[in-house]
Amino acid sequence: MINHHVLQWLPSYLVPFVSLSYPTPPPVNPDSFHHSAYYKTGVLDGCFIITCIAVMAILRDIFRIFVMEPFARWKLTRTWERSNSCHAQQNGNKNGLTNGNGHAGHANGDSKPQRVMSARDARKIHRSVLRFAEQGWSVIYYTLQWAFGFYVHRNLPTQALNPTELWSNYPHIPLAGPVKLYYLTQTAFYIHQVLILNAEARRKDHVQMMTHHVLTIFLMVMSYFCNFTRIGCLIMVLMDWNDIFLPVAKMCRYIGLYTLCDITFTWFLISWFVARHVLFVIVIKSAWFDGPRLISVGWVPELGHYYSERTYNTFVYLLVALQIIQIVWFWMICRIAWRVISGQGASDDRSDDER
């Protein structure tokens, strides 16, 4: 966030792009974030989302080009050189040919391992470098954002196993600064993901991914303006947790760490099931039954009360639709797990073809 004194020097039309809009006095007796600044919601929040999308695009390219790609290229090139040298030595020993130093050689004298990489190997390494870098950004984002989300969750009076506080004392307005910042940055990330999905080569699961992201964005915007932010924060923390481990497993696979890939993927499988098919189902159940029980149905916008029968049904149905998509993905994940158990190694069915 930019300092208040700096904001005074900016033109008024730029302020919403670099700071949270709609500051307001804090509630008299807040149940969380007692020392935080508080904000209302409004359309100007979209300006801050635009800035976040631009910053994420820049950071993604910086980390991808200057950190992840050089590391992956160094690691894969070194692995290729070692493999090539070992292969040449084995061939020399098999033919019974050694030079005076005991190293492998050919019949014409002193031969060295092939030092020029073939076009096929170069293409394979280049493809793995690009994919490693793409997944590296996902690991960085999900790790940082999950940590931030967990901080927000820990400061809210909500529990994953007993989510009744998601609905008590509705509407939960105004929003504490960390909650608002968390919501806006998460929304920016998923919009950024939609742009990336349509800009890059299509993967096998393009339709599922687009459907998931569009549903997620709609749910986030709806929950934000209908003041269902507490359930939104809890769901995002649950989702981000296991999203850390799948890209880590892919990164391990792209640089040839197959055992570590299988171990990480196994942990991802367990965390996915617990977070998305146990805890998330508990949240959906709470939205279905606890919401109507703890919130009086009524549409009073001037009081921030948007809990009508239509919004309730829409919200619950979209959560169920999100769960259906995740069940399809879990079935694909189980297929990969079976390949791991049968010794074939992990590869993501949802990724693009490896050819």
Side-chain angles (χ1 to χ4, degrees), residues 56-95 103-106 110-143 192-193 195-206 209 243-268 332-333 335-337 339-340 342-355:
M56 288 176 185
I58 294 172
L59 290 177
R60 179 177 183 267
D61 282 347
I62 289 175
F63 280 103
R64 181 174 59 84
I65 296 172
F66 297 105
V67 180
M68 298 298 173
E69 287 187 10
F71 171 78
R73 188 173 293 108
W74 166 80
K75 175 65 171 66
L76 290 171
T77 302
R78 189 181 70 161
T79 301
W80 177 86
E81 290 174 348
R82 289 182 174 181
S83 175
N84 185 51
S85 176
C86 181
H87 181 67
Q89 186 174 356
Q90 289 175 352
N91 286 342
N93 292 337
K94 184 183 298 184
N95 295 328
H103 297 293
H106 287 288
D110 188 21
S111 173
K112 295 181 179 180
Q114 176 189 359
R115 296 193 179 279
V116 179
M117 187 180 298
S118 68
R120 179 182 178 185
D121 288 342
R123 285 195 302 269
K124 183 178 179 181
I125 288 178
H126 179 68
R127 185 168 60 244
S128 296
V129 165
L130 294 181
R131 290 174 174 172
F132 178 92
E134 291 169 359
Q135 298 303 319
W137 165 248
S138 296
V139 172
I140 292 171
Y141 174 81
Y142 284 122
T143 301
H192 181 228
Q193 288 296 96
L195 298 177
I196 292 174
L197 276 176
N198 288 283
E200 296 180 344
R202 288 201 171 194
R203 306 190 326 176
K204 295 181 192 175
D205 66 337
H206 180 83
M209 289 293 290
D243 277 338
I244 298 172
F245 304 111
L246 180 59
V248 170
K250 288 184 177 182
M251 291 172 72
C252 293
R253 180 169 177 262
Y254 292 145
I255 60 175
L257 303 176
Y258 298 110
T259 301
L260 186 58
C261 167
D262 291 346
I263 294 172
T264 307
F265 182 79
T266 301
W267 175 249
F268 162 74
M332 295 179 178
I333 292 168
R335 289 178 58 191
I336 302 170
R339 287 202 291 267
V340 173
S342 60
Q344 301 175 48
S347 62
D348 189 4
D349 276 2
R350 303 182 304 161
S351 297
D352 50 333
D353 290 332
E354 298 297 321
R355 295 189 299 271

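Because the structure is predicted, anything quoted here is derived from the model rather than measured. Excluded from the calculations below are hydrogen atoms, water molecules and symmetry mates; all remaining heavy atoms, backbone and side chain alike, are included.
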Atom [atom1] of [X] and atom [atom2] of [Y]: how far apart are they, to the nearest 0.5 Å?
X: His126; Y: Arg123; atom1: NE2; atom2: CZ; result: 11.0 Å
X: Trp137; Y: Ile196; atom1: CH2; atom2: CD1; result: 8.5 Å
X: Tyr258; Y: Ile263; atom1: OH; atom2: CD1; result: 15.0 Å
X: Ile333; Y: Leu246; atom1: CD1; atom2: CG; result: 7.0 Å
X: His192; Y: Met56; atom1: NE2; atom2: CE; result: 8.0 Å
X: Asp262; Y: Leu257; atom1: CG; atom2: CG; result: 11.0 Å

Considering all heavy atoms, the nearest Cys261-Ala249 contact: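 Taking Cys261 first and Ala249 second, the nearest heavy atoms are SG-O, 3.3 Å.
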Side-chain (Thr143) to main-chain (Val139) donor-acceptor, under 3.5 angstrom: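 It does hold such a pair.
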Phe132 and Phe71 aromatic ring geometry - parallel, tilted or perpendicular at 30°/60° bounds: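 Phe71 and Phe132: tilted rings.
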Salt-bridge contact Glu69-Arg64 (side-chain N to carboxylate O under 4.0 Å):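 Result for this pair is yes, salt bridge flagged.
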Arg120 atom CZ: more than 12 heavy-atom contacts under 6.0 Å: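 Check fails, neighbour count at 12 or below.
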Non-hydrogen side-chain atoms of Phe265 and Arg253 separated by less than 4.5 Å: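 Contact flag for Phe265/Arg253 side chains = no.
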Residue pair Asn198 / His206, side-chain heavy-atom distance below 4.5 Å: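 When only atoms from C-beta onward are counted, His206 and Asn198 do touch, with a gap below 4.5 Å.
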Derivation and outcome, side chain to side chain contact (heavy atoms under 4.5 Å, CB included), residues Met251 and Met68: CA-CA 10 Å; Met251 291 172 72; Met68 298 298 173; 4.3 Å; yes
Which residues share a side chain to side chain contact (heavy atoms under 4.5 Å, CB included) with Ile125, sequence neighbours left out: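 Here the qualifying residues are Leu76, Trp80, Met117, Val129.
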Donor-acceptor side-chain pairing of Lys124 and Ser128 below 3.5 angstrom: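 Note: Lys124 and Ser128 side chains miss the donor-acceptor criterion.
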